[in-house]
Amino acid sequence: MPRGKLPRSFYARPDVVAVARDLLGKVLVTRIGGATTAAVITETEAYMGAVDKASHAYGGKVTPRNKVMYGEAGHAYVYLCYGIHHLFNVVTNAHGVAHAVLVRAVHPLEGLDVMLKRRNMKKLTTGGPGTLTQALGILTAHTGTDLLGDLITIEDRGIAVPRKAIITGPRIGVDYAGEDALLPYRFHFDPSILK
DNA sequence: CAGCAGATTGACT
DNA sequence: GTCAATCTGCTGC
């Protein structure tokens with residue numbers, strides 16, 4: 001299995017659901033504020049742009065916030081939810097197609113002390129879409145960041161997630177999206193298999 | 001331009 | 001179990 005930074009071609013594939021599934025077990029690395037933190041991606045959700053009611057880009061809508069989703073694959077889309085939480089997405093597919101993968105949970109690998117300091121909590125939790133970004137130091141200011149640069153990258157470190165360990169299910173927190181909320185676009189696995 | 005609801009989290013009744 | 005925190009963007013006056 002090839003290792004190192006994922007190439008642009010990984011993100012540019014037309015099947016955003018496949019990209020979401022393949023991101024499981026990959027390592028999200030940030031080099032922000034002079035500190036390096038790394039964590040294994042354990043949960044993702046696919047958002048199908050214009051045809052997905054749960055997506056910010058549903059109906060081909062463009063706003064200052066989501067315009068980066070229409071850009072080149074392999075860039076970060078970070079946005080603020082409820083005015084407080086930074087959610088990290090990866091832009092996929094072709095330029096002009098607003099598909100993206102939301103990273104909902106990670107498993108810490110490196111920089112545990114830095115994550116604890118950033119979160120200012122005794123116990124480190126990265127099990128939610130808003131908490132993992134705080135632990136890794138990702139802010140809305142990083143939206144549009146190229147994942148093939150140095151600040152934020154996703155690498156393959158040879159971690160293999162058995163197909164049978166991958167759990168597929170409906171996305172969370174998007175009940176308002178009607179039938180689209182039932183689509184099996186959520187993928188995750190139990191990080192305990194990494195030990 | 002005021003009001004509201006949302007890919008959420010953590011602290012408190 | 002309930003609720004506040006607080007930003008973006010849509011709707012309606």
Side-chain angles (χ1 to χ4, degrees), chain A residues 11 15-24 26 28 30 37 39 41-71 73-93 97-108 112 114-145 147 152 154 167-189 191:
Chain A
Y11 307 104
D15 187 352
V16 65
V17 176
V19 175
R21 191 174 55 231
D22 290 346
L23 278 173
L24 292 179
K26 297 298 185 292
L28 179 58
T30 63
T37 50
I41 295 172
T42 61
E43 183 171 344
T44 62
E45 286 180 6
Y47 283 83
M48 298 259 279
V51 299
D52 186 351
K53 292 195 187 82
S55 171
H56 289 161
Y58 176 59
K61 188 171 50 181
V62 182
T63 67
R65 181 175 69 164
N66 73 12
K67 65 181 179 185
V68 64
M69 291 177 77
Y70 294 85
H75 286 246
Y77 169 46
V78 185
Y79 85 97
L80 212 52
C81 184
Y82 295 97
I84 295 188
H85 303 289
H86 306 264
L87 304 202
F88 176 75
N89 301 252
V90 179
V91 178
T92 71
N93 215 305
V97 182
H99 288 192
V101 175
L102 166 68
V103 177
R104 286 193 65 91
V106 298
H107 183 72
L112 275 289
V114 178
M115 295 187 196
L116 284 170
K117 191 174 181 180
R118 281 174 179 151
R119 299 228 54 210
N120 194 27
M121 292 177 65
K122 293 178 180 177
K123 184 183 179 186
L124 176 62
T125 55
T126 54
T131 58
L132 77 90
T133 52
Q134 188 181 4
L136 294 173
I138 297 172
L139 305 171
T140 54
H142 297 120
T143 200
T145 299
L147 299 180
I152 303 174
I154 297 179
I167 302 166
T168 304
R171 292 172 296 184
I172 294 177
V174 293
D175 296 346
Y176 63 89
E179 57 188 26
D180 283 350
L182 302 177
L183 296 172
Y185 287 172
R186 173 171 174 256
F187 305 95
H188 64 115
F189 71 94

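In the text below, chain A, chain B and the rest are named by the order of the sequence lines, each starting its count at 1. Quick note: numbers below take in every heavy atom, side chains included, and nothing from hydrogens, waters or symmetry partners.
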- Message: Less than 3.5 Å apart, any donor N or O on the side chain of A/R118 or A/Q134 sitting next to an acceptor on the other?
- Response: no
- Task: Take atom OH of A/Y58 and atom C1' of C/dG9, then tell me their distance rounded to the nearest Å.
- Result: 17 Å
- In whole angstroms, the gap separating P of C/dT8 from NZ of A/K67 amounts to 13 Å
- Specify the separation, in whole Å, of atom CD1 of A/I84 and atom P of B/dG6. 16 Å
- Query: Base, sugar-phosphate, or nothing for A/Y185, non-hydrogen atoms under 4.0 angstrom?
  - Reply: nothing
- Message: Does the structure show a Watson-Crick or G-U wobble partner for C/dT6, both distances under 3.5 Å? Name it, or say none.
- Response: none
- Query: Does some side-chain heavy atom of A/Y47 sit less than 4.5 Å from a side-chain heavy atom of A/V16?
  - Reply: no
- Picking from B/dT8, C/dC10, C/dC7, the nucleotide nearest the side-chain atoms of A/L80 would be C/dC7
- Task: May I ask you to verify if any side-chain N or O of A/R119 is less than 4.0 angstrom from the OP1 or OP2 atom of B/dT9?
- Result: no
- Message: By the definition side chain to side chain contact (heavy atoms under 4.5 Å, CB included), identify the one residue from A/T42, A/N89, A/L132 that meets it with A/V103.
- Response: A/L132
- With distance as the sole test, does A/T133 use its side chain to make a donor-acceptor pair with the main-chain N or O of A/G130 at under 3.5 Å? yes
- Item | Separation of B/dG10 P from A/Y82 OH (nearest whole Å) | 14 Å
- Query: Contact class for A/T140 vs. all strands (heavy atom < 4.0 Å): base, sugar-phosphate, or nothing?
  - Reply: nothing
- How far, in whole Å, is B/dA5 from C/dC13 if one measures between their P atoms? 15 Å
- Query: Is any side-chain heavy atom of A/N66 less than 4.5 Å from a side-chain heavy atom of A/Y77?
  - Reply: yes
- Message: Starting the side chain at C-beta, find the nucleotide from B/dG10, C/dG9, B/dT8 nearest to A/T131.
- Response: B/dG10
- Query: Quick one: A/H85 NE2 to C/dA4 P, roughly how many Å, whole number?
  - Reply: 15 Å
- Task: Name the pairing partner of C/dC13, where a pair is Watson-Crick or G-U wobble with both distances under 3.5 Å, or state none.
- Result: none
- Message: Please report the distance, rounded to the nearest Å, between CZ in A/R171 and P in B/dG6.
- Response: 16 Å
- Send over the distance from A/R118 CZ to B/dG10 P, rounded to a whole Å. 16 Å
- Note on the structure: Rounded to whole Å, the NE2-C1' distance (A/H56 to B/dT8) equals 12 Å
